[in-house]
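Each chain gets a letter, A, B and so on, in the order the sequences are listed, and its residues count up from 1. Heavy atoms only: backbone and side chains are in, while hydrogens, waters and symmetry mates are out.
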Amino acid sequence: MGLRIYNSLSRQIEEFTPLRPRKVGFYKCGMTVYGPAHLGHAKSGVHFDAMVRWLRVSGYDVTYVQNITDVGHLTQDSDDGEDPVTREARKRGLHPMAVAEAFSRAWLDDMDALHMLRPDIMPRATGHVPEQIEMCRELLEKGHAYEVNGSVYFDVASFPGYGRLSGRSVAEQEAGTRVELRSEKRHPADFALWKRAEGGHIMRWQSPWGWGFPGWHLECSAMARQYLGDTVDIHGGGLDNQFPHHECEIAQSECCTGKPFVRYWLHNNMCTINGQKMAKSLGNGVLIRDAISTPQPLLDRSGQVLLERAYEPTVVRHFILTSHYRASQDFSNDALIAAESGSYKLRDAFAEVARAARSAASRPASDAVRTALSEIEKRFADAMNEDFNTAAAIAVLFDFARQCRSWVADGAGREDLATVDTLARKLAGDALGLIWRDTGGSGSSKQDDLIKMLIEMRQEARKSKNFALSDQIRDRLLAIGIELRDGPQGTTWSAS
RNA sequence: GGCGGCGUACCCAAGUGGUCUAAGGGAACGGUUUGCAAAACCGUCAUCCGCGGGUUCGAAUCCCGCCGCCGCCUCCA
């Protein structure tokens, strides 16, 4: 069975067929770099990362493009308001590009921590101004845009498809929209392709219409076209960007190229924390960097606990993947604790297989193991192929982990265990990006040797029934985060 | 006001017409194991899927009504 994905455009699950066989052009709306990334960015990023990983594991040659918005994204509406990057720069007394640079790097750090694959191309809006001007020019030429006082607006009335993605009609919207006075636009739904730069505007470029800067929506159309061609296979982003951002992208791109812009639109749902929307006004936003490294409990503005402590990045990732990308997900301390216990169960089972694969005796490969593995792989693929059901895929991993334990306990041979280990790395690691922090025990460092020595001393104490001493060794190691585990094959340990 | 989504056990969360007396995880409880623990393993844990109707041979899954929660419509992943 091949991949089936939910297409926001048709509102149903469709079989996935890329434009060119085995090749996928994947564009994801990246972030606007005026602040550090929060858990919402993590949810979106992790889910789209899992999709790209799965496409690649499935044999597709994916070109993954994720933009960085560093100019043009206005805080108000398309013809008024300030660029948030510029606003942040003013607050900090920095150049806007310095702000963009700082938060771009911070975002890369967060992505890396959560084991998101770096996009193949991370284009920036400011680096593609000529392309945007060119697109603007084409749209004017084709009669889909008009210029007013140095700004260029897209003429929504010229594109009958406008509203199809988000299920709105321009006429309906007019009724609910606040009356826009003193607007230059012909129609309230028209949006800016190019904005005239007023007096003190720092981020500005020379254009056929004078000094100005590009509108937010235009960058994605221009950059997607630049790197993926007129039609991209998959375009992803947050549900909150479905309207107006994606709607506007479609209008610009299709009017410009005359071709369908996107074959499959994918939208991830939003997240909440303790049942509430994360909002600046509530002071309950949780940054990725805090979730994975805070030394103390995270509180909201009213002193309520958001997260008791930090969680390993892979635990955060695991938690995100236990819900579907189109479902909303609530972050809470309890939920993360539960995810942590479960995630470490997988980690430990797979680590044990890897360990056993190095030490087990050689033995002819077993048909039973081979059959079980292909069964696991099939169930996992079925889950992922059904609109990237990562939650169901993780459920398969738990079954897999249980079997791993029993193979090791039953003394499976080195060859079988190596095959098991390879599959575990493929499904958990390559496909889902569940790559846990090294818990030690590979036996190569001085610390490992020391712990090994203490374990041996504890064994001596236990043999001579000196339990006071053996327990003391165990307890004191635990106090510094090293947990001993006694098993039939001896004692293993892991460091937290 | 307009548009859309959701409500599954103590918690998280899959499943969207029959294989569902509902996956998986966490917690809890009982047991095996252990010098004692931890880990691991086995077992128990929703006859039922917000509530009330309806359609159907058959519904958690479709339709209608109600209640509750959330999102979008202005920037947000």
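Distance A/Lys43 NZ to B/G71 P: 14 Å, rounded to the nearest Å. Here B/G2 presents its P atom at 20 Å from CD of A/Gln242, a figure rounded to the nearest Å. What separates CG of A/Leu321 from C1' of B/G25 is a distance of 14 Å, to the nearest Å. Note: CG (A/Asp110) to C1' (B/A77) measures 13 Å, nearest angstrom. Atom-to-atom, CG of A/Leu346 to P of B/A40 comes out at 11 Å; the value is rounded to the nearest Å. Between A/Asp382 atom CG and B/A14 atom C1' there is a gap of 15 Å when expressed in whole angstrom units.
Other residues, nucleotides and ligands contribute more than 12 heavy atoms inside 6.0 Å of the CZ atom of A/Arg405. Applying the 6.0 Å contact sphere to CD of A/Glu15 captures no more than 12 heavy atoms from other residues, nucleotides or ligands.
Side-chain contact annotation: A/Asp240 with A/His245, donor-acceptor N/O pair under 3.5 Å absent. Defined by atom type and a distance below 3.5 Å, a donor-acceptor pair is missing between the side-chain atoms of A/Ser151 and A/Trp194. A donor-acceptor pair shorter than 3.5 Å can be found between the side chains of A/Asn67 and A/Glu219. Residues A/Asp83 and A/Trp216 have side chains that never bring a donor and an acceptor to within less than 3.5 angstrom of each other. Inspection of the A/Thr272 and A/Asn274 side chains reveals no N or O donor paired with an N or O acceptor under 3.5 Å. Remark: the A/Tyr34 side chain and the A/Asp70 side chain contain no N/O donor-acceptor pair separated by less than 3.5 Å. Side chains of A/Glu460 and A/Ser464: no donor on one and acceptor on the other come within 3.5 Å.
Checked for salt-bridge contact, A/Lys452 and A/Asp448 miss the test: no charged N lies under 4.0 Å from a carboxylate O.
Across B/C42 and B/G53, the matching P atoms stand 42 Å from one another, rounded to whole Å. Spacing between B/U47 and B/G71 at atom C1', rounded to whole Å, works out to 35 Å. A gap of 15 Å separates the P atoms of B/G26 and B/A13, to the nearest Å. Going from the C1' atom of B/U61 to that of B/G18 covers 11 Å, rounded to whole Å. Atom C1' of B/U16 sits at a distance of 15 Å from the matching atom of B/A23, rounded to the whole Å. Rounded to the nearest Å, the gap between the P atom of B/C49 and that of B/C62 is 15 Å. B/C45 and B/C10 are spaced 10 Å apart, taking the C1' atom of each and rounding to whole Å. Atom P of B/A22 sits at a distance of 31 Å from the matching atom of B/A38, rounded to the whole Å.
Of the candidate nucleotides B/A13, B/A39, B/C36, B/A13 has the atom nearest to the side chain of A/Gln329. Between B/A14, B/C36, B/A77, one nucleotide has an atom nearer to the side chain of A/Asp486 than all others, and that is B/C36. Side-chain proximity of A/Arg485 to B/A38, B/A77, B/G26: nearest is B/A38. Of the candidates B/A77, B/C42, B/A13, the closest approach to any side-chain atom of A/Ser323 belongs to B/A13. Residue A/His324 places its side chain closer to B/A14 than to any other of B/A38, B/A77, B/A14. Side chain of A/Arg405, nearest nucleotide from B/C12, B/A40, B/A38: B/A40. Candidate nucleotides B/A38, B/C42, B/C72 were compared by shortest atom distance to the side chain of A/Asp240, and B/C72 ranks first. Checked against B/A13, B/G35, B/A77, the side chain of A/Asn241 finds its nearest nucleotide in B/A77. Of the candidate nucleotides B/A77, B/C42, B/A38, B/A77 has the atom nearest to the side chain of A/Asn268.
Among the heavy atoms of the strands, none lies under 4.0 Å from A/Ala339. Counting any heavy atom pair closer than 4.0 Å across all strands shown, A/Phe319 reaches sugar-phosphate atoms only and no base atom. Residue A/Cys29 is classed as having no contact, given no heavy-atom separation below 4.0 Å to the nucleic acid. Nucleic acid contact for A/Asp348: none, since no nucleic acid atom lies under 4.0 Å from a heavy atom of the residue. Among the atoms of the strands shown, base atoms are found under 4.0 Å from some heavy atom of A/His38. Using a 4.0 Å heavy-atom distance criterion, A/Asp334 is classed as making no nucleic acid contact. Among the heavy atoms of the strands lying under 4.0 Å from A/Gly238 are primed sugar atoms or P, OP1, OP2 only; no base atom is included. Looking at heavy-atom distances under 4.0 Å, A/Phe467 makes contact with a base.
Because its NZ or CZ atom is not both nearer than 6.0 Å to the ring centre of A/Phe16 and within 45° of the ring axis, A/Arg4 does not count as a cation-pi partner of that residue.
The side chain of A/Asn269 places no N or O atom within less than 4.0 Å of a non-bridging phosphate oxygen (OP1 or OP2) of B/G5. At the phosphate of B/G26, OP1 or OP2 sits under 4.0 Å from a side-chain N or O atom of A/Lys345. Here A/Arg326 does not reach the OP1 or OP2 of B/A14: none of its side-chain N or O atoms lies under 4.0 Å away.
Paired regions of RNA chain B, where each region holds three or more successive Watson-Crick or G-U pairs whose two hydrogen-bonding distances fall under 3.5 Å, are B:1-7 with B:67-73, B:10-12 with B:24-26, B:28-32 with B:40-44, B:50-54 with B:62-66.
Here A/Phe319 pairs with A/Phe331 under the ring-ring contact (aromatic ring centres under 6.0 Å, His included) rule; sequence neighbours left out.
Of the residues in residues 470-482 of chain A, those with a non-hydrogen atom less than 4.0 angstrom from any atom of RNA chain B are A/Ser470, A/Asp471, A/Arg474.
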